[in-house]
Amino acid sequence: MKVAIIGGGVIGLCCAYYLDKEGYEVTVIDRNNITDGCSFGNMGYISPSHFIPLASPGIIRQGLKWMLSSSSPFYIKPRLNLDLIRWGMTFRKNANEKKLQENIQPLNNLLQLSRYLMNDLKNEFHDSFDMIEKGCWALYKNPGTGDHEKKLAEQAAKFGLKTEICDAQQVQEYEPEVEVNVEGGVLWLDDCHLNAVKFMQTLHEYLQNAGVKFLLGTEVKNFEKRNGSVTSIISNKGEVKADEIIIANGSWMPAVARMAGIDLLMQPGKGYSVVYEDLEKNLHHPSILVEDRTAMTPIDRWLRIGGTMELSGHNSTILPKRVLAIYTAVKRYFPTLEIPVPQPEQAWYGYRPVTPDGLPYIGRHSKFSNLIFAGGHAMLGVSAAAATGKLINEIIGRQPTSIDIFAFRPERFS
Ligand SMILES: Cc1cc2nc3c(=O)[nH]c(=O)nc-3n(C[C@H](O)[C@H](O)[C@H](O)COP(=O)(O)OP(=O)(O)OC[C@H]3O[C@@H](n4cnc5c(N)ncnc54)[C@H](O)[C@@H]3O)c2cc1C
């Protein structure tokens, strides 16, 4: 059976990995060449700790406060855009306690399954993507934030997640090379991190060698449909036929869904990152600077810092103040860390595919017998990629899925 995957990001490649292993004839179609994009410049966290979906109580109030500052970690470009308005209204409907309680469990299941599967990938690929299993810090400067983080750690214990709660001195002992200026931190021991570029390169190379066909520089433009199934994919380079079609094109998913007459709510959430090489002194653990929503990923002498969530559509504008804010946050927590101020042109940016409830779309669409969605993981695409690939393989094989996927159905906002 032939399977075509639209999108060669981390989700598309992980789908290809599991489908190829199962023996399907797999084709990955991407309009670029799989060397850059959201799956390359991210922080590389595998985060079972992130079981609270983005749409949660209090997030809108916090977001509105952030909107008042040009250097805050969140920004919505004011504009009259119907898709954004519909997305925002649906997000608001989902940011409540009842929905949160419904959505925590499925997200936790997805993240924990993925974390487990990442061990297999690490072994299979002989750790070619620098997966480091040391945990991840949630560092805070305010006692109030600390209380919130500790409560989260208690909640996490119910899911079997392990944490270590540290005061400032204990954090400093864990980070002997750099001065740490925090109130305390929670070390999430099940989290791990990897080099996102190497992860993508490893998967791409493996899949090419395994015989997966890559149609690069190939943009999907339309579908031919007949009797409730998609009979071919129309691209700028011609037609592609497949028995099953997976739409895994990240934040551009609504555009391709529309070609099939399907309305899907999603917004691109732009984020920035900056890389520093050859640092003499570096962190020993990846760190989320909670109040500033900034993340740091150290791998040996290499460091990536990143953050911000801009809902400004797909546009290539880099806002210098927000790049600078990432750097400033890092220096507030690690005042002696020797890294130069990043210039805007040094910043990488990518678009997180953000759904209005913080859960991805994983599953078939009832409008067609052979169309499947895999995407919308927002800030958790790498964390959930392996599980998503495995689930998609099970969906295509019409097998029982490893976890319940009802919460991820692509039609939940229709
Ligand atoms: C600053 C930042 C930090 C992040 N940190 C983390 C992290 O630490 N951990 C984590 O889990 N996640 C993180 N994320 C989120 C993660 O990067 C994304 O969730 C993930 O990369 C999305 O992968 P994807 O495969 O769905 O989409 P993408 O990587 O965007 O891939 C989609 C692909 O589809 C292709 N495409 C689009 N339209 C078409 C078309 N019409 N025809 C053909 N091809 C098409 C594109 O060219 C692209 O290659 C971060 C994101 C950002 C921005």
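We count ligands from 1, going down the list as the structure has it; atoms in each ligand are counted the same way.
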For atom 44 (N) of ligand 1, grab the closest protein heavy atom and report residue, atom and distance to one decimal in Å.
Arg31 N, 3.2 Å
Could you tell me whether Glu133 and Arg115 have a side-chain N and a carboxylate O separated by less than 4.0 Å?
yes
With respect to Ile299, which candidate in His193, Lys198, Arg304 satisfies the side-chain contact (heavy atoms from CB on, under 4.5 Å) definition?
His193
Do we get Arg409 above Phe406's six-membered ring, with its NZ or CZ under 6.0 Å from the centre and within 45° of the axis?
yes
Relative to each other, are the rings of Tyr17 and Tyr206 parallel, tilted or perpendicular (30° and 60° limits)?
tilted
Would you say Trp348 has any N or O atom under 3.5 Å from an N or O of ligand 1, going by distance alone?
no
Using heavy atoms and a threshold below 4.0 Å, how should the contact between Ile46 and ligand 1 be classified: side chain, backbone, both, or neither?
neither
Spell out, as yes or no, whether a donor-acceptor pair under 3.5 Å connects the side chain of Asp191 to the backbone of Ser49.
yes
Gly381 N/O under 3.5 Å from ligand 1 N/O
yes
Evaluate the criterion side-chain hydrogen bond (donor to acceptor under 3.5 Å, both in side chains) for residue pair Ser235 and Thr218; output intermediate values, then yes/no.
CA-CA 6 Å; Ser235 82; Thr218 305; 5.3 Å; no
Name every donor-acceptor pair, under 3.5 Å, that has one atom in a side chain of residues 245-254 and the other anywhere in the protein, sequence neighbours excluded.
unit_1	atom_1	unit_2	atom_2	d
Asn249	ND2	Trp252	O	3.1
Ser251	OG	His314	NE2	2.9
Trp252	NE1	His314	NE2	3.3

Please indicate whether any nitrogen or oxygen in Trp252 is less than 3.5 Å from any nitrogen or oxygen in ligand 1.
no
Below 4.0 angstrom from a heavy atom of Val10, which ligand 1 atoms are there? Numbered from 1 as shown, please.
23 (O), 25 (O)
When you measure from the heavy atoms of Ala378 to every atom of ligand 1, does any distance fall below 4.0 Å?
yes
Please report whether the ring centroid of Phe40 lies less than 6.0 Å from that of Trp348.
no
Can you pull out the closest protein heavy atom to atom 29 (O) of ligand 1? Residue, atom name and distance to 0.1 Å, please.
Ser39 OG, 2.5 Å
Derivation and outcome, side-chain hydrogen bond (donor to acceptor under 3.5 Å, both in side chains), residues Ser383 and His50
CA-CA 9 Å; Ser383 301; His50 283 43; over 6 Å; no
Tell me: protein heavy atom nearest atom 27 (O) of ligand 1, and distance?
Gly250 CA, 3.3 Å
Determine, stepwise, if the pair Glu291 / Tyr333 fulfils side-chain hydrogen bond (donor to acceptor under 3.5 Å, both in side chains).
CA-CA 10 Å; Glu291 283 103 354; Tyr333 284 70; 2.6 Å; yes
Option passing side-chain contact (heavy atoms from CB on, under 4.5 Å) with Leu13 (candidates Thr202, Leu207, Ile5)
Leu207
Under 4.0 Å from a heavy atom of Asn32: which atoms of ligand 1 are those, numbered in the order shown and with their elements?
47 (O)
4.0 Å heavy-atom contact, Thr218 with ligand 1
yes
Nearest to atom 5 (N) of ligand 1, what protein heavy atom do you find, and at what distance?
Met43 N, 3.1 Å
Identify the protein heavy atom lying closest to atom 50 (C) of ligand 1, giving its residue, its atom name and the separation to 0.1 Å.
Asn42 CB, 3.3 Å
With Leu107 as partner, the option from Ile52, Leu380, Leu54 fulfilling side-chain contact (heavy atoms from CB on, under 4.5 Å) is Leu380
Which is it for Glu394 and Lys390 under the salt bridge (charged side-chain N to carboxylate O under 4.0 Å, His left out) test, yes or no, and what are the steps along the way?
CA-CA 6 Å; Glu394 292 164 348; Lys390 183 165 172 52; 3.4 Å; yes
Pair Glu219 + Arg31, salt bridge at N-O below 4.0 Å:
yes
Which label fits Trp87 and Phe91: parallel for a plane angle under 30°, tilted from 30 to 60°, or perpendicular past 60°?
parallel
Just need the protein heavy atom nearest to atom 2 (C) of ligand 1, so name the residue and atom and give the distance.
Arg352 NH2, 3.8 Å
Does any N or O in the side chain of Lys134 come within less than 3.5 Å of the main-chain N or O of His284, such that one atom is a donor and the other an acceptor?
yes
Suppose I only count heavy atoms of Val256 and a 4.0 Å limit; which atoms of ligand 1 are within that range?
41 (N)
Does any N/O atom on Gly350 come nearer than 3.5 Å to any N/O atom on ligand 1?
no
Can you pull out the closest protein heavy atom to atom 37 (C) of ligand 1? Residue, atom name and distance to 0.1 Å, please.
Asn249 CB, 3.5 Å
In ligand 1, the atoms that come under 4.0 Å of a heavy atom of Val220 are 40 (C), 41 (N), 42 (N), 43 (C)
With the threshold set at 4.0 Å, does a side-chain nitrogen-carboxylate oxygen contact exist between Asp292 and Arg332?
yes
Note: heavy atom closest to atom 31 (O) of ligand 1, options Ala295, Cys136, Pro353, Gly9, belongs to Gly9
Per atom 35 (C) of ligand 1, closest listed option by heavy atom (Asp30, Ile326, Ile11)
Asp30
Could you check atom 9 (N) of ligand 1 against the protein and tell me its nearest heavy-atom contact, residue, atom and distance included?
Tyr45 O, 2.9 Å
Among Met379, His377, Met253, which residue places a heavy atom closest to atom 13 (C) of ligand 1?
Met379
If I apply the N/O under 3.5 Å rule, does Glu219 come out as touching ligand 1?
no
Within the 4.0 Å heavy-atom shell around Val382, which atoms of ligand 1 are there?
10 (C), 11 (O), 12 (N)
Relative to ligand 1, is Tyr351 under 4.0 angstrom through side chain, backbone, both or neither, heavy atoms considered?
neither
Consider ligand 1: state whether an atom of it lies below 4.0 angstrom from any non-hydrogen atom of Tyr272.
yes
May I ask you to check if ligand 1 and Gly44 share an N or O to N or O distance below 3.5 Å?
yes
Does an N or O from Ser251, backbone or side chain, lie closer than 3.5 Å to an N or O of ligand 1?
no
Ligand 1-proximal atoms of Ser273, by part, heavy-atom distance under 4.0 Å:
neither
Under 3.5 Å: N/O of Cys38 near N/O of ligand 1
yes
